[in-house]
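Since the structure comes first, as structure tokens, the remarks are kept for the end.
For this chain, numbers begin at 1 and follow the sequence in order.
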Amino acid sequence: MERTARVRLSSPVGRDPLEPKAGRDTVRRHNLSLVLRAVRDSGEITRAGVSARVGLTRAAISSLVEQLLESGFLSESGKTFSGQAGRPGTVLKVARTGVAGLGIEINVDYVSVCVVDLAGTDRVRLVEHLDNRGVPPGQVLRRAAQIAARALISAAEQELSPVGATLALPGLVSSGTVRQAPNLGWTRVLAEEPFAAALAALRPRLPVLPVRSENEANLAALAELWFGGLGTVRTFLYLSGEIGVGGALVLNGELLRGAHGFAGEIGHAVVVPDGAECRCGARGCLEQYAGQSAMLRATGIADTNGTAAVAELERRARAGDERALAALDRAGLMLGRVLSGAVNLFDPAAVVLGGIYRPLSPWLIPRASAELSARVVSGLWPRAGTRLRPSSPAADAARGAASLVVLDVLTDPVSYGERAAAG
């Protein structure tokens, strides 16, 4: 007989409505999720190992595993010897084919598309460098849909079937709408529906993929949490350096979204009162001093091809070019000033520099660390420490976006098994 963890049925004050009683079907769906996540987190594991990990009987595990195998979520092969008495067990793994997630990052000067499997492995990756500034939003979304359609063809060749898509967008994102993305020039732009329609038009005989949207820095932070090198760190501040500067705060493994879902807009923290005018309409924002355009402008590099231009900035810094070093030193100074306030306010275990900050971190981190050491009131920010670190190359917004779809599958595999069967 299956069992599940005991849950509290009422609030401490007794005023919230009671949750519906968990029926047999609800318990089984929950337990299927437990088993699937246990296998995924372990990489490979026997049925006995799953039973020990989730606390269900071996008979219950056997029934749940058989359903997940039949639905294509798990694969089983080989024999493993535990060194103990009894027959060797077969090894369970999440399937490398079937259900997958699609992530699409639309940024100011590129579009990146990623397909991940149930294990979170990056299986398809397409990146196109496009200057999206001044381009009508509908056209940008259609371009992104074209790249996504090509990625889906590559996924199908690997027998992968994404069951949903997530858009990673720079700016304030809420309920499928980009409220404001100053560096794209977007204000109150519907994103999910036009993208879904454009993608469906390119795949007329295939099921329409459900699409959601999220801030790109939030998704990059989640990718860092899931795939980066943070170890046991579960509370950290993530900075996404591009033409703009985005931010996300993860507290105990959960995103801090704020009252309206817009927390993390650190690029618009003021570092120079009455300073340079920002695209958001304010003055002296961090991104006007530590964003991609600001650093390239200070170095005298044309901001036409973002990736090539940043690579040139890195090359000049390695060569000891004075203008490049001065630009990076000033950017590091401004980053340190803003970060010190955030660290004093939230006390994260780490600050992670992503996007273009990752390759430029050898020059940004020393100056920013000096500011943090001088301004963090706890005195727990040594200059030579590792609390300020570059992001992992394995984590970015597109992978985080695709993995958000996979997380939904892991949470309720039954509904996605039904959807895959219907498709």
Nearest non-hydrogen partners of Ser51 and Leu56, listed with the distance: OG-O, 2.6 Å
Value for CD (Glu105) from OH (Tyr110), rounded to nearest 0.5 Å, stands at 3.0 Å
Hey, are Arg123 and Glu159 close enough for a salt bridge, meaning a charged N less than 4.0 Å from a carboxylate O? no
Counting only heavy atoms from other residues, nucleotides and ligands, does the tally under 6.0 Å from CD of Gln158 exceed 12? yes
Salt bridge or not between Lys93 and Glu76? Use side-chain N to carboxylate O under 4.0 Å. no
For Arg150, is there an ion pair with Glu128 - N to carboxylate O distance below 4.0 angstrom? yes
Can a side-chain donor-acceptor contact be found between Thr187 and Gln180 if the only test is distance below 3.5 angstrom? no
Could you tell me whether the side chains of Ser240 and Glu216 share a donor-acceptor contact shorter than 3.5 Å? yes
Just wondering, more than 12 heavy atoms not from Glu254 lying within 6.0 Å of its CD? no
Between Asn132 and Gln139, do the side chains contain an N or O donor and an N or O acceptor separated by less than 3.5 Å? no
Might you point out which heavy atoms bring Ala368 and Leu388 nearest each other, and give the distance in Å? CB-CD2, 3.8 Å
Side-chain donor-acceptor pair under 3.5 Å between Arg28 and Ser63, yes or no? yes
Pair Arg125 + Asp122, salt bridge at N-O below 4.0 Å: yes
Between the CD1 atom in Ile243 and the OG atom in Ser293, the distance rounded to the nearest 0.5 Å is 4.5 Å
Give me the atom names and distance for the closest heavy-atom approach of Ala168 to Ala397. CB-CB, 4.0 Å
Euclidean distance, Phe346 CZ relative to Leu251 CG, rounded to 0.5 Å: 7.5 Å
Would you compute the distance between atom CG of Asn107 and atom CG of Leu184 and round it to the nearest 0.5 angstrom? 7.0 Å
Reported CD-to-CG distance for the pair Gln292 and Leu360, which is rounded to 0.5 angstrom: 9.0 Å
Has Arg133 got more than 12 heavy atoms of other residues, nucleotides or ligands less than 6.0 Å from its CZ? yes
If you measure only the distance, is there a donor-acceptor pair under 3.5 Å linking the side chains of Ser33 and Arg37? yes
Report the distance from atom CD1 of Ile104 to atom OG of Ser112, rounding to the nearest 0.5 Å. 10.0 Å
Side chains of Thr177 and Arg188 only: does a donor on one sit below 3.5 Å from an acceptor on the other? no
Between Asn252 and Arg234, do the side chains contain a donor N or O and an acceptor N or O under 3.5 Å apart? no
Distance-only donor-acceptor check, side chains Ser42 and Arg53, under 3.5 Å: yes
Residue pairs passing the side-chain hydrogen bond (donor to acceptor under 3.5 Å, both in side chains) test with at least one member in residues 340-368, sequence neighbours excluded, are Asp329-Arg367
